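Please read the structure below before turning to the comments.
Because the structure is predicted, anything quoted here is derived from the model rather than measured. Heavy-atom basis, side chains included; hydrogens, waters and symmetry copies ignored.
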Amino acid sequence: MITKQKGTYDVYGLDAKKRKYVYDVIDAICEKYNYTYIETPIFEASELFHRSVGDSSDIVRKETYDFTDRGNRNITLRPEGTASIVRSFIENKMYGNLSEPVKVYYVGPMFRYERPQSGRTRQFTQFGFELIGSDDVLSDAEVISLSYNIYKLLGLDVKIRLNTLGDNESRNNYREALVNYLKPNIDKLCDDCKERININPLRILDCKVDKDSEILKNAPKTLDYLNEESLNRFNKLKEYLELMDIDYEVDTNLVRGLDYYNHTVFEVIANIKEFGNENVLGGGGRYNGLVEMLDGPSTPAIGFAMGLDRTILAMETKETKFDIKDNIDVYIMYGNDEEKETASYILQDLRLNGFIAETDYMNKQFKNQFKSADRFKAKYLIILKNDDLKDFKVTVKDNLTKEEELVNINDLVDYLDMKL
RNA sequence: GCGAGAUUGGUGAAGUGGUUAACACGCCGGAUUGUGGCUCCGGUAUGCGUGGGUUCGAUUCCCACAUCUCGCCCCA
């Protein structure tokens, strides 16, 4: 037997319905915020991710699915969505008319070569959105607002963890101060951190091993190194978030794994005891330098991405209601070939008129057709009998009250419309 | 990349170095030649993750591998 690849999964049955429900909620709210749907390829030139996500991030250093295709091209299965969107923005010259920012959202599979565990698979689904072309703080607030409200609509209690890295000047000043502070103490930190100090010192702040270390607690804070403009931005953002009644807290140790962020960075945190790190349901931030870094015109942008699988898991843990339709309107029962023929066109008629209709395709005996109808949770049964069909009538049975009524076939649609 | 535990029909599972792998659910058939969901009877794994090994004999013991689950790391 050929089995699925490690860290992948099939989605079907109830799981598929839950997924579709989440998709529907996402589609609806993105529409309200006036974001449009975008699809980009699942594989891209490897270089795209090396340059955008950053060679210093673990994602690119050891988690990408890389291969060369038959034309000897270096290909990578996308580990995240933003890089592709920015590539598409540049390649399709969406910057040509930026009288309004480009606002897009995507849903699709991402790939990271990792050891699977709860809430983490090698192929996973991310939903994300990007707002490209505005540096206005209100756009930061909008992105956080949309991130926040999606979870609210899905019935999850979440909190925004917020920080700012400042502009390049602030970030560089801070980086320098941090390195100077950490260098003398580096021996006391974990091995990973010893490596990080050279390639990505900010990440040390987020280290899980050293998180309780006095050294990190006393480390210089990003906020103290912001220049005036960056600080004003941050204060303005907090003001907007308060006006929007968004539950957030500032955490100066929040940096993010990807290299391309500046100014605003944030995460969406659930509060589920048994989840641990999985409580990070999504994250995002501003990446004003990325478009230019990928050979586009200097363009400010901000975005967010969330793990769909993890979000659904959180909803299940919280016993959040999924609004799922799991019953059908009508089940048609018959006993012989003549009645079966009648069933075929009644079925057609009902479906074209908007009813969810089913019948038996297994040549079940009559009593098992009842069982099937129950399994489908049919609200009404239509029972075909030759005797009634002579008068062009069928029995309609309310499967809840068990009441039956003889209805003319031509009146069926109207009759069911009235009842349902 | 490191560590721990699992793997028996469609499902939940019990079990043993040796004839027919328990039980339950589900499904199918019958009692009941077209109005059921109750009941009763019958049927339903030539198979115990894969490949080796030990043995007269392995689903059961040993080894390797795969996959799953859960940690660490990392992230969403």
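Between the C1' atoms of B:C63 and B:U54, the separation comes to 11 Å (whole Å). When the C1' atom is compared between B:C73 and B:G12, the two are found 35 Å apart, to the nearest whole Å. When the C1' atom is compared between B:G53 and B:G17, the two are found 15 Å apart, to the nearest whole Å. Taking atom P in both B:U59 and B:U32, one finds a spacing of 45 Å when rounded to whole Å. B:G18 and B:U55 have their C1' atoms separated by 12 Å, given to the nearest Å. Taking atom C1' on both B:G9 and B:U44, the two are 9 Å apart, rounded to the nearest angstrom. Comparing the same atom, C1', in B:U50 and in B:A6 gives a spacing of 16 Å after rounding to whole Å. Between B:U16 and B:G57, the two C1' atoms lie 14 Å apart (nearest whole Å).
Across all strands, A:Gly128 comes closer than 4.0 Å to no nucleic acid atom at all (heavy-atom distances). Base engagement by A:Leu384 is indicated by at least one non-hydrogen atom pair under 4.0 Å involving a base atom.
In this structure, A:Leu389 places its CG atom 16 Å from P of B:G34, rounding to the nearest Å. Between the C1' atom of B:U35 and the CZ atom of A:Phe370 lies a distance of 4 Å, rounded to the nearest Å. As a whole-Å value, the separation of A:Ile312 CD1 from B:A76 P is 18 Å. Taking atom CZ of A:Phe111 as the reference point, atom C1' of B:C75 lies 16 Å away to the nearest angstrom. Atoms CE (A:Met315) and C1' (B:A76) sit 16 Å apart, rounded to a whole Å. The CG atom of A:Asn279 sits 12 Å away from the P atom of B:G71 (whole-angstrom rounding). If you take NZ of A:Lys385 and P of B:U35, they are 8 Å apart, rounded to a whole angstrom. One can place CG of A:Asp387 at 12 Å from P of B:U35, the figure rounded to the nearest angstrom.
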Legend entry - From CA spacing to verdict: side-chain hydrogen bond (donor to acceptor under 3.5 Å, both in side chains), A:Ser134, A:Asp136: CA-CA 5 Å; A:Ser134 170; A:Asp136 193 274; 5.4 Å; no
Legend entry - Verdict with reasoning, A:Asp66 to A:Thr76, per side-chain hydrogen bond (donor to acceptor under 3.5 Å, both in side chains): CA-CA 4 Å; A:Asp66 298 315; A:Thr76 296; 2.5 Å; yes
Inset, instruction - Determine, step by step, whether A:Tyr331 and A:Gln369 satisfy the side-chain hydrogen bond (donor to acceptor under 3.5 Å, both in side chains) criterion, reporting the C-alpha distance in whole Å, the side-chain angles of both residues, the deciding distance to 0.1 Å, and the verdict. - result: CA-CA 9 Å; A:Tyr331 188 91; A:Gln369 292 186 34; 4.9 Å; no
Inset, instruction - Could you please spell out the steps behind the side-chain hydrogen bond (donor to acceptor under 3.5 Å, both in side chains) verdict for A:Asp135 and A:Asn288? - result: CA-CA 8 Å; A:Asp135 193 30; A:Asn288 285 351; 3.0 Å; yes
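Not counting sequence neighbours, the partners of A:Asn185 by the side-chain contact (heavy atoms from CB on, under 4.5 Å) test are A:Tyr181, A:Lys188, A:Ile215. In this structure, the side-chain contact (heavy atoms from CB on, under 4.5 Å) partners of A:Thr359, at least two apart in sequence or on a different chain, are A:Ile332, A:Tyr334, A:Leu347, A:Tyr361. Partners of A:Arg73 according to the side chain to side chain donor-acceptor pair (under 3.5 Å) rule, which considers only residues two or more places apart in sequence or in another chain, are A:Asp69.
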List, with names and distances, any nitrogen or oxygen atoms from the protein found under 3.5 Å away from nitrogen or oxygen atoms belonging to nucleotides 2-6 of chain B.
unit_1, atom_1, unit_2, atom_2, d
B:C2, N4, A:Arg115, NH1, 2.8

Shorter than 3.5 Å, N or O on both sides, protein versus nucleotides 66-68 of chain B: list them out with atom names.
unit_1, atom_1, unit_2, atom_2, d
B:C68, OP1, A:Gly7, N, 3.0

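Under the ring pair (Phe, Tyr, Trp, His ring centres under 6.0 Å) criterion, the residue pairs touching residues 43-65 of chain A are A:Tyr65-A:Tyr113, with sequence neighbours excluded.
Looking at RNA chain B, the stems built from 3 or more consecutive Watson-Crick or G-U wobble pairs, each pair with its key distances under 3.5 Å, are B:1-7 with B:66-72, B:10-12 with B:23-25, B:26-31 with B:39-44, B:49-53 with B:61-65.
Nucleotide B:G15 carries an anti base; the chi torsion (O4'-C1'-N9-C4 or O4'-C1'-N1-C2) is more than 90° from 0. In this entry the base of B:G47 is syn relative to its sugar, with a glycosidic angle within 90° of 0.
Judged by distance alone, with hydrogens and angles left aside, A:Glu339 brings a side-chain donor or acceptor within reach of the base of B:G34, the pair sitting under 3.5 Å. Within 3.5 Å, no donor on the side chain of A:Arg203 pairs with an acceptor on the base of B:C74, nor the reverse. Contact annotation: side chain of A:Arg112 to base of B:A76, donor-acceptor pair present below 3.5 Å.
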Do any side-chain atoms of residues 412-420 of chain A form donor-acceptor pairs under 3.5 angstrom with protein atoms, and if so which ones, sequence neighbours left out?
unit_1, atom_1, unit_2, atom_2, d
A:Tyr415, OH, A:Glu405, OE1, 2.9

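Each of A:Tyr23, A:Tyr33, A:Tyr37 was compared with A:Tyr105 under the ring pair (Phe, Tyr, Trp, His ring centres under 6.0 Å) criterion, and only A:Tyr37 meets it.
A:Arg233 and A:Asp167 are not joined by a salt bridge, as no carboxylate oxygen comes within less than 4.0 angstrom of a charged side-chain nitrogen. Between A:Arg161 and A:Glu267 there is a salt bridge, with a side-chain nitrogen of the basic residue lying less than 4.0 Å from a carboxylate oxygen of the acidic one. Between A:Arg120 and A:Asp309, no side-chain nitrogen of the basic residue sits less than 4.0 Å from a carboxylate oxygen of the acidic one, so the salt-bridge criterion is not met. A salt bridge does not link A:Lys340 with A:Asp360: every distance from a Lys NZ or Arg NE/NH1/NH2 to an Asp or Glu carboxylate oxygen is 4.0 Å or more.
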Inset, instruction - Would you give a per-nucleotide map of nucleotides 26-33 of chain B, 5' to 3', where B means the base has a protein non-hydrogen atom under 4.0 Å away, S means only the sugar-phosphate does, and - means neither? - result: -SSSSB--
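Closest of all the heavy-atom pairs between A:Leu384 and A:Ala343 is CD1-N, 3.5 Å. In plain terms, the two heavy atoms of A:Ile197 and A:Lys183 that are nearest each other are CD1-N, 3.9 Å. Contact record, A:Thr164 with A:Thr264: OG1-N, 4.1 Å, taken as the closest heavy-atom pair.
When the nearest nucleotides of RNA chain B are assigned to A:Arg120 and A:Met306 by heavy-atom distance, the more 5′-ward of the two goes with A:Arg120.
Judged by ring centres under 5.5 Å apart and planes tilted less than 30 degrees, A:Phe124 stacks against the six-membered base ring of B:A76.
Cation-pi geometry between A:Lys236 and A:Tyr240 is satisfied (NZ or CZ under 6.0 Å from the ring centre, within 45° of the ring normal).
A heavy atom lying under 4.0 Å from RNA chain B marks none of the residues of residues 147-159 of chain A. For the segment residues 31-47 of chain A, the set of residues with a heavy atom within less than 4.0 Å of an atom of RNA chain B is empty. A heavy atom lying under 4.0 Å from RNA chain B marks the following residues of residues 396-404 of chain A, by number: A:Lys397, A:Asn399, A:Lys402, A:Glu404.
Note on A:Gln117: a side-chain N or O is less than 4.0 Å away from OP1 or OP2 of B:G71.
Relative orientation of the A:Phe129 and A:Phe127 rings is tilted, given thresholds of 30° and 60° on the angle between their planes.
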